[in-house]
Amino acid sequence: MNTETLFPSPSILDNDFYKFTMQCAVVQLFPDVKARYTFINRGAHVFPEGFGDALKAQVASMAGLQLTKEEHRYLTASCPYLNAAYLDLLAGYRYDPSEVHIVQEGGEVEVSVEGHWFRTILWEVPLLFLISELYYRLTGQERAGDEQVIGNTIEKTSIYKELDVPVAEFGTRRRHSYKVQQLVVDTLTKHGGKNFVGTSNVHLAMRSKTKPIGTHAHEWFMFHAAKYGFTMANALSLEHWTDVYRGDLGVALSDTYTNDVFFEQFDKKFAKLFDGVRHDSGDPIEYAEKVIAHYQGLGINPAYKFIIFSDGLNTEKVAEITHATKGKIGISFGIGTNLTNDVGLKPMNIVIKLTAVQFDGKRWVSTVKLSDEKGKHTGEPRMIRLAKEVLGIE
């Protein structure tokens, strides 16, 4: 492979923050669990010849990353809820490319990851952004220039400032490239004022002196369903999260097994313990109305809670949600692809999901995610049917 195609990640912290917060929790509570992740090509993208070998070279380049002393000091000062033992473990962590398996047949590429959960948990986001950037390079697609990327970001920022809403950048996993994400975060930092509240990318948060944002992802709940059963997944996921973080990182993701099922278990205890919830599928305005009603039904003033909206947002959606919900409950927006891959090319529609876990050293248990959007369901069909039956989902 031409070495000019290599673009190694600049830092081990070039990853979404919730990967580190979940890793810390996994190390404490489930250190012996093994995990399997699978790449899902939702957009049916056709990969060029040689893509698989090029991706293997990119993955191999990740092995050289390690936490620097400066990064260790940054995490210690900025994230006191990440305990010293975990940060020392992270300092000794190295990506192991042997955990990643890549096969290409024609225009199709299969990618999977397998190993101890606390180790493999960091692979998802880097694999996605490596696939995205490599795809654009090897298919010869030219993006818009830096000035246009900066101009587009300034224009969006002015809209969010006019709406007077908090906005965070959530676009690491499907970014066009590191360069574009860096331009976007730098522009938001310079022009966003108080309305730019941070980024999910820990490396860029450190670099721009802004806040790293994130708590947990769907895989946290998917694991708990595989180990404890679908009916216990939400409650035990939240319980274990509070056991580790004791009130910090208090935003709960609600849609792993549909939002309605989640709120059946999001009782007064959890509603008070968690600062708010994150919306990631389904109609956002209907969701906000349900959340407000849920808090009111528990005797909690929604004005003291908030929703982070993070599902496929752009300026039009943010404006619509803001006009419908502002003043009724706290609101914030995590915007991904529309910021980091709005460069005149079609963004990739790709994900990597936790597909199985092993917690007894013998058998693998398939995992399931039931989004409020049926196209986002993941898992074996029989397990999806079982989850729906157990949870009473049509």
Side-chain angles (χ1 to χ4, degrees), residues 9 11-35 37 62 65-96 99 113 115-127 168 170 172-173 198-206 210-224 226-228 233-234 236-253 256 270 273-276 278 308 334 352 354 357 359 367:
S9 183
S11 167
I12 199 169
L13 297 185
D14 183 21
N15 206 328
D16 279 340
F17 187 46
Y18 65 21
K19 282 295 173 176
F20 299 104
T21 58
M22 288 191 297
Q23 186 184 47
C24 178
V26 171
V27 166
Q28 290 189 52
L29 302 180
F30 309 110
D32 297 324
V33 170
K34 290 188 175 180
Y37 294 84
M62 298 290 289
L65 296 176
Q66 65 185 83
L67 194 74
T68 68
K69 291 182 179 180
E70 181 186 8
E71 290 168 339
H72 193 292
R73 289 192 294 269
Y74 166 76
L75 292 175
T76 300
S78 302
C79 311
Y81 38 77
L82 298 178
N83 62 64
Y86 166 69
L87 292 182
D88 278 357
L89 179 143
L90 185 60
Y93 176 91
R94 302 293 184 274
Y95 282 105
D96 182 356
E99 295 167 341
V113 184
H116 277 93
W117 191 21
F118 79 87
R119 289 196 45 81
T120 55
I121 198 168
L122 292 189
W123 272 116
E124 176 195 355
V125 175
L127 279 172
F170 277 14
T172 303
R173 60 187 52 230
T199 171
S200 64
N201 187 298
V202 187
H203 167 66
L204 291 175
M206 175 181 167
T210 190
K211 183 180 179 181
I213 294 181
T215 53
H216 47 238
H218 295 108
E219 68 180 283
W220 183 249
F221 295 83
M222 294 163 72
F223 161 76
H224 281 79
K227 183 168 176 63
Y228 301 106
N234 287 316
L236 283 177
S237 294
L238 299 177
E239 195 76 56
H240 286 151
W241 195 254
T242 57
D243 286 346
V244 173
Y245 288 111
R246 315 299 297 176
D248 283 315
L249 303 175
V251 179
L253 179 61
T256 309
F270 292 130
L273 278 175
F274 283 82
D275 302 316
R278 178 160 74 89
I308 295 180
I352 290 176
L354 179 72
V357 293
F359 39 77
T367 58

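Numbers here are sequence positions counted from 1.
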ring-ring contact (aromatic ring centres under 6.0 Å, His included) involving Tyr95 - partner list, sequence neighbours excluded: Tyr93, Trp123
Report, as yes or no, whether the 6.0 Å neighbourhood of atom NZ on Lys34 holds more than 12 heavy atoms from other residues, nucleotides or ligands. no
Ala205: partners by side-chain contact (heavy atoms from CB on, under 4.5 Å), with sequence neighbours left out: Tyr74, Thr199, Thr210, Pro212
What pair of heavy atoms forms the shortest contact from Phe221 to Leu253, and how long is it? CZ-O, 3.3 Å
Quick one: closest heavy-atom pair of Ser237 and Ala233, and the distance? OG-O, 2.6 Å
Residue pair Ile308 / Gly334: nearest heavy atoms and the distance that separates them: CG2-N, 4.2 Å
Applying salt bridge (Lys or Arg N to Asp or Glu O under 4.0 Å), name anything that partners Glu99, two or more places apart in sequence or on another chain. Arg119
Going through the distances and angles, do Phe17 and Cys79 end up as a side chain to side chain contact (heavy atoms under 4.5 Å, CB included)? CA-CA 11 Å; Phe17 187 46; Cys79 311; 3.8 Å; yes
Residues which pass side-chain hydrogen bond (donor to acceptor under 3.5 Å, both in side chains) with Thr367, listed by chain and number, not counting sequence neighbours: none
With the side chain counted from C-beta on, respond yes when Ile352 and Val113 share a heavy-atom pair under 4.5 Å apart, and no when they do not. no
Taking only residues two or more places apart in sequence, or in another chain, which ones meet Asp96 in a side-chain hydrogen bond (donor to acceptor under 3.5 Å, both in side chains)? Ser98
By salt bridge (Lys or Arg N to Asp or Glu O under 4.0 Å) - contacts of Asp275 (at least two apart): none
At what distance, to the nearest 0.5 angstrom, does CG of Asp32 lie from CZ of Phe118? 9.0 Å
Quick check: closest heavy atoms across Met62 and Pro126, and the distance to 0.1 Å? CE-CB, 3.6 Å
Going by heavy atoms in the side chains, are Glu219 and Tyr18 under 4.5 Å from each other? no
Is there a side-chain contact between Thr76 and Leu87, using heavy atoms and a 4.5 Å cut-off? yes
Which residues pass the ring-ring contact (aromatic ring centres under 6.0 Å, His included) test with Trp241, sequence neighbours left out? His216, Trp220, Tyr245
Rounded to the nearest 0.5 Å, how far does CG of Leu82 lie from CG of Asp248? 9.5 Å
Side chain to side chain contact (heavy atoms under 4.5 Å, CB included) assessment of Gln28 paired with Asn83: CA-CA 10 Å; Gln28 290 189 52; Asn83 62 64; 3.0 Å; yes
Over 60° means perpendicular and under 30° means parallel, so classify the ring planes of Tyr228 and Phe223, tilted if in between. perpendicular
By side-chain contact (heavy atoms from CB on, under 4.5 Å), which residues pair with Val125, not counting sequence neighbours? Asn15, Asp16, Lys19, Phe129, Thr172, Arg173
Counterpart residues, ring-ring contact (aromatic ring centres under 6.0 Å, His included), relative to His218 (two or more places apart): none
Please list, chain by chain and in numerical order, all residues satisfying side-chain contact (heavy atoms from CB on, under 4.5 Å) with Gln66, sequence neighbours excluded. Arg94
Taking side-chain contact (heavy atoms from CB on, under 4.5 Å) as the test, write out the residues that go with Ala91, two or more places apart. Leu67, His72
Residues which pass side-chain hydrogen bond (donor to acceptor under 3.5 Å, both in side chains) with Ser11, listed by chain and number, not counting sequence neighbours: Glu71
Quick check for you: to the nearest 0.5 Å, what is the distance between His203 atom NE2 and Ile12 atom CD1? 12.5 Å
For Val357 against Ala226, the heavy-atom pair lying closest together: CG2-CB, 3.6 Å
Do you see a donor-acceptor pair shorter than 3.5 Å between the side chains of Tyr86 and Gln23? yes
About how many Å separate CG of Leu354 and CD1 of Ile121, when rounded to the nearest 0.5 Å? 8.5 Å
Spacing of Leu29 atom CG and Met22 atom CE [to the nearest 0.5 Å]: 13.5 Å
Kindly determine whether Leu75 and Leu13 satisfy side chain to side chain contact (heavy atoms under 4.5 Å, CB included), including the steps that lead there. CA-CA 10 Å; Leu75 292 175; Leu13 297 185; 4.1 Å; yes
So which atom in Gly250 and which in Thr215 form the shortest heavy-atom distance, rounded to 0.1 Å? N-CG2, 4.3 Å
So, Thr242 side chain and Glu239 main chain: donor-acceptor pair closer than 3.5 Å or not? yes
Rounded to the nearest 0.5 Å, how far apart are CG of Asp14 and CG of Asn201? 5.0 Å
